[in-house]
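First the structure, in the form of structure tokens, and then the observations on it.
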Amino acid sequence: MKVFEVNITIKVVDFFKQNLKKNDLIKVNQLLKEFCGISEFFDNQNEISELIKILNIEQNIISEPDRAEYGDFQTPKNLSDLTCKLLQTKNINPQIVIEPTCGKGNFILSVLEHFPQIEKIFGIEIYPKYVWETKFSILNYFIINSQKQKPEILIINKNIFDFDFQEISKQHKEKNILVIGNPPWVTNSKLSSLNSLNLPQKSNFKNHNGFDAITGKGNFDIAEYIALMILNNFSNHNGHFAFLQKNSVTKNIVFDQLKNKYSIANIEKYNFDAKKEFSVATDASLFYCKLNQKHSTICNEYDLYEPTKLKYQLGWFKDKFVANLTSYSELHEFDGICPNVWRQGIKHDCSKIMELEKINGQNINKYVNQNNEQFEIENDLVYCILKSSDLKTGIINQSRKYTIVTQTKIGENTDFIETDLPKTYQYLNSKIEFFNNRKSSIYNNKPKFSIFGVGDYSFKKYKVAISGFYKSTEFSLLLPNNDKSIQLDDTCYFIGFDKLVYAVYTYIILNHKITQEFLNSIIFFDSKRPITKDILMRIDLLKIADKIQFTGVSEFYESKLKQLDISINEQGWIEFKKSLKNRPKINEIDLFSTIYENEMS
Ligand SMILES: C[S@@+](CC[C@H](N)C(=O)[O-])C[C@H]1O[C@@H](n2cnc3c(N)ncnc32)[C@H](O)[C@@H]1O
């Protein structure tokens, strides 16, 4: 039956029917504490009276409110049990357990079952219904297991962001602590889109500057904030910390260890299937570490369902943060600065209007847009464009889609379109509201029909390109279509070349085993956008080229690129390598993480 909006078992109903004959608050709470360890089970007399009333009547089913802003994904009992079983193998014996956002209480039930020495448990939860559900479940547990030792248990209905962990920290300095749980799965930007106030007051806790806030670097997971609250309060206590969280949160914690230097070590992550456990399409794992240790900046990666087999080690190798320390330690000499600046493709945020297809593939200037509207425009500004999903094959010289490239550099005046290209102007201007309604602030006060990610480099005839979103590090070689360079959208990265032979050499180096293994050692494939400009700029093409004999280059050419019918010779290879000695200027490197890249991440 439902009590205080939660399901309670027949055993709990019977328990209350037998024991709530007297309704004195102090006595009832005393009885419950003796029976199941929970302190102050009821906050006030009214709650007892209400329960007595409810137990005599059948309850209607109450519909669930939308809990998106609370990142509410309750841990299935088998997963909280699996977590505790794993912790048992580490011979941990907690005296104090803290579950910072305990929900319906499955972690609390699991620790009760797995760790008999616990003296005190703190569970904090914002949702009163879950507070009741946790209390009733614990009561049910001790009705069934009346012989078990009962720790003192506090289930506190409070907002975690107002909760003072310092008090617990001070009171239990000498005790062995276990902080365990599964904090909310929601980001601050999602919360702001929901106009939610379920945020910490200090939302810029990573001290990002104003620019980062605009570009999206200020976006963070609430779980990360809560994990850092725990580390700030308990990293110097003896004990352990175990949270189910997104892999990106774990990665950030390990990344920030270089500067934060929390006293944690034995950092581990145990990947689990978030789709199966929570019906969430994200990469997630159990984050574990030992508290009060010499600080570590390395995390061992395992599979939660097969936890003895070490998969990788991620973390810091000197001043570099990498995904696979073992292979990186053999390849780190190739981590440098790419002599060619990687560029991101065109961003227009107007796909309905700017993503075009040719009608019936005819070789005339008739197009259809994403709104299924057909129109004819001049050819001048129309270019083939590739999206991430098009970058699968080696050599590409055509496309499914087309776009209108309205500028040759960012901020360029677009008045010429009206005078020189009347049909193009008429089409674009008839859709002006789509351009004006673009949300991103980068378009504010810019010329009509402005786009981003455009410059001299966009019009280079030959390109080597890669998608930022795929789990593959294979590069494609783009050739011009009808003498016009092929464009890429902003999910892709490329280097542009005037000479085909230089594009070919670069393509061969990038697809060489050394580069592929190097990239696989530094890329975190569980990120939303695993391949970024920052990553690509780390490829030291010259150092890798120096490891490749010309015979290797010509073999690759003969087996994969022969159709290009160009002349490849050792002298040309040597000259190409000489050209790689020019490093990009330092200010270009500073600008690698562009506004639009971060907006997409
Ligand atoms: C991902 S669920 C996990 C619940 C529980 N830890 C478990 O493992 O099943 C996150 C929980 O955090 C709670 N929560 C969200 N925001 C909170 C806040 N500001 N303070 C306390 N609890 C909060 C939600 O109501 C939800 O029960």
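First listed ligand is number 1; within each ligand, the first listed atom is number 1. Numbering of residues begins at 1 and proceeds along the displayed sequence. As the structure is a prediction and not an experimental result, all values here were calculated from the model. Values below: all heavy atoms of this structure, side chains included; hydrogens, waters and symmetry mates excluded.
- Side-chain contact check for N252 and E224: at least one donor-acceptor pair (N or O, by modelled atom type) lies under 3.5 Å.
- Every atom of ligand 1 is numbered from 1 in the order shown, and the set under 4.0 Å from a heavy atom of N159 is 18 (C), 19 (N), 20 (N).
- Using modelled atom types and a 3.5 Å distance limit, the side chains of D489 and T491 yield a donor-acceptor pair.
- In this structure, the ring of F163 has its center less than 6.0 angstrom from the ring center of F165.
- For a threshold of 3.5 Å applied to N or O pairs, the pair formed by Q74 and ligand 1 contains at least one separation below that value.
- Looking at atom 14 (N) of ligand 1, its nearest protein heavy atom turns out to be I126 CG2, 3.8 Å.
- No side-chain donor-acceptor contact under 3.5 Å links Q313 and T326.
- Shortest contact from atom 16 (N) of ligand 1 to any protein heavy atom: N198 ND2, 3.0 Å.
- Protein heavy atom in closest approach to atom 15 (C) of ligand 1: Y70 O, 3.3 Å.
- Ligand 1 has no N or O atom lying under 3.5 Å from any N or O atom of P184, backbone or side chain.
- Residue-to-ligand polar distances place I160 within reach of ligand 1: an N/O pair is separated by less than 3.5 Å.
- Every atom of ligand 1 with a heavy atom of F161 under 4.0 Å away is listed here by number and element: 19 (N).
- Side-chain polar atoms of S189 and N219 form a donor-acceptor pair below 3.5 angstrom.
- Each of the atoms 20 (N), 21 (C) of ligand 1 lies under 4.0 Å from some heavy atom of K158.
- Counting heavy atoms under 4.0 Å from ligand 1, residue C102 touches it through the backbone alone.
- Residue contacts with ligand 1: E99 is placed with a nitrogen or oxygen under 3.5 Å of a nitrogen or oxygen of the ligand (distance criterion only).
- Just one residue in the list N436, D349, N437 forms a side chain to side chain donor-acceptor pair (under 3.5 Å) with Y443, and that residue is D349.
- Nearest protein heavy-atom contact of atom 25 (O) of ligand 1 is E125 OE2, 2.6 Å.
- Distances below 4.0 Å separate heavy atoms of G71 from the following atoms of ligand 1: 1 (C), 2 (S), 10 (C).
- Counting only heavy atoms of the protein, atom 12 (O) of ligand 1 lies nearest to T101 CB, 3.3 Å.
- At a 4.0 Å heavy-atom cut-off, ligand 1 touches P183 through the backbone alone.
- The distance between the ring centers of F42 and W132 falls below 6.0 angstrom.
- The residue from F41, F122, F142 that alone fulfils the side chain to side chain contact (heavy atoms under 4.5 Å, CB included) condition with I153 is F142.
- At a heavy-atom cutoff of 4.0 Å, ligand 1 is contacted by the side chain of Y130 but not by its backbone.
- For the residue pair Y328 and D335, a side-chain donor N or O sits within less than 3.5 Å of a side-chain acceptor on the partner.
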| Could you go step by step and tell me if L87 and F115 meet the side chain to side chain contact (heavy atoms under 4.5 Å, CB included) rule? | CA-CA 10 Å; L87 295 178; F115 301 108; 3.9 Å; yes
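- No hydrogens or angles considered: a donor-acceptor pair under 3.5 Å links the side chains of S39 and E152.
- Looking at heavy atoms from C-beta onward, F73 lies out of side-chain contact with L244 at the 4.5 angstrom threshold.
- No part of I124 comes within 4.0 Å of ligand 1, judged by heavy-atom distances.
- Against a heavy-atom cut-off of under 4.0 Å, T75 is close to the following atoms of ligand 1: 7 (C), 8 (O), 9 (O).
- Remark: minimum distance from atom 3 (C) of ligand 1 to any protein heavy atom is reached at N182 O, 3.0 Å.
- For ligand 1, none of its N or O atoms has an N or O atom of W185 under 3.5 Å away.
- Counted by atom type alone, Y130 and N157 present zero donor-acceptor pairs between their side chains at under 3.5 Å.
- Remark: ligand 1 atoms within the under-4.0 Å shell around heavy atoms of F107 are 8 (O).
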